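Heads up, the thing below is written out as structure tokens.
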Amino acid sequence: MTRHIKVAAAQLGPIQKAEGRQSAVSRMIELLKEADAGGAKLVVFPELALTTFFPRYLIEDPDEIDSWFEREMPSAVTQPLFDQAKQRGIGFYLGYAELDNKNGETKHYNSSIIVAPDGNIVGKYRKVHLPGHKDYEPDYKYQHLEKRYFDVGNLGFPVWRVFGRVMGMCICNDRRWAETYRVMGLQGVEMVLLGYNTPWGNATHDEPMHLKMFHNHLSMQAGAYQNATWVVGTAKAGYEDGNGMIGGSCIIAPTGEIVAQALTEEDELVSYDCDMDLGKYLKQTTYDFERHRRIEHYGIIASQTGATPPPE
Ligand code: CDT
């Protein structure tokens, strides 16, 4: 079996609040067709790809909150995307808000799935590192209410064999945490798929705009290199009802190098023919975990959350 796979990051420009899911799905289908024409076999769409980034809004009515969530996947509105992908033999990653109702208990997750080229969902991930805050903060310049609307993901960071390669997923803020990649790295991950919605603005402190993009790429490049894995990061970008979000969707090699990157903040496809053996030499040398990791010194990582400096 060839160890190459052509992948595409299918960046979406803004989805306005009034824009329906149907329009978002149509836009994704156009990107999927372009990916197919270019020979891509795997397409990565953004986090919460079906709607505007609703966690920026304070919503108090439970029914209105639930209206932003999907109760089933595929749903009537997303079925055409599944059908097009299956018809073309393309797999895809899709981020969406998931309403889970098991045994009478309702949970809300910020989720993603991997859909195999045969149209079947082979993997689901639920976002673990939820950023922002639970309550409306009148003094903040921007609200980011993910902790209000979502439960912490309960599936960990699994990996799956797709196209015979080991693939994992994470979502947006997860990409900033070294633990995200290392847990997948320890399962031999070869490609991490991730979608993001990153606002240009901060709630309480101003940062120069270039820093936002620097940190976006820095965290994904470090995760790729330190685990010798490909990373495909896809943004929802541009101005959603006046709220700016960064673009910079990219494909990163196991060497940590960006090999393809979006230039716009619009719907844009970037693709690359990835050699899945490229990470092998790193996995056998610098990042041969079996030989070099010293777990007897890492216990604190899994036993405490906050930092505890020594007394002054
Ligand atoms: N969607 C998401 O996780 N966004 C965060 C921004 C958080 S700002 C409170 C990110 O890490 O990009």
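Just so you know, ligand 1 is whichever comes first in the structure, and atom 1 is the first atom listed for that ligand. Just so it is clear, the structure is predicted and the values come from calculations on it, not from any experiment.
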Test: Lys17 and Glu19 ion pair at under 4.0 Å: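 Between Glu19 and Lys17 there is no salt bridge, as every charged N stays at least 4.0 Å from the carboxylate O atoms.
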Lys127, Arg126, Lys236 screened by salt bridge (Lys or Arg N to Asp or Glu O under 4.0 Å) with Glu47, the one that passes: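 The option that passes is Lys127.
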Tyr125 and Phe157 aromatic centres sub-6.0 Å: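 Yes, the ring centres sit under 6.0 Å apart.
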Centroid separation Tyr57 to His144 less than 6.0 Å: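 Aromatic pair excluded; centres sit 6.0 Å or further apart.
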Ligand 1: protein residues within heavy-atom distance under 4.0 Å: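 Lining ligand 1: Glu47, Phe53, Lys127, Pro131, His144, Glu146, Cys172, Asn173, Arg175, Arg176, Asn197, Thr198, Pro199.
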Listed partners of Phe150 passing ring pair (Phe, Tyr, Trp, His ring centres under 6.0 Å), at least two apart: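 Partners of Phe150 by the ring pair (Phe, Tyr, Trp, His ring centres under 6.0 Å) criterion, ordered by chain and then number, come out as Phe54, Phe69.
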For Glu240, the option from Asn197, Thr52, Thr51 that meets side chain to side chain donor-acceptor pair (under 3.5 Å):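 Going through Asn197, Thr52, Thr51 one by one, the side chain to side chain donor-acceptor pair (under 3.5 Å) with Glu240 is satisfied by Thr52 alone.
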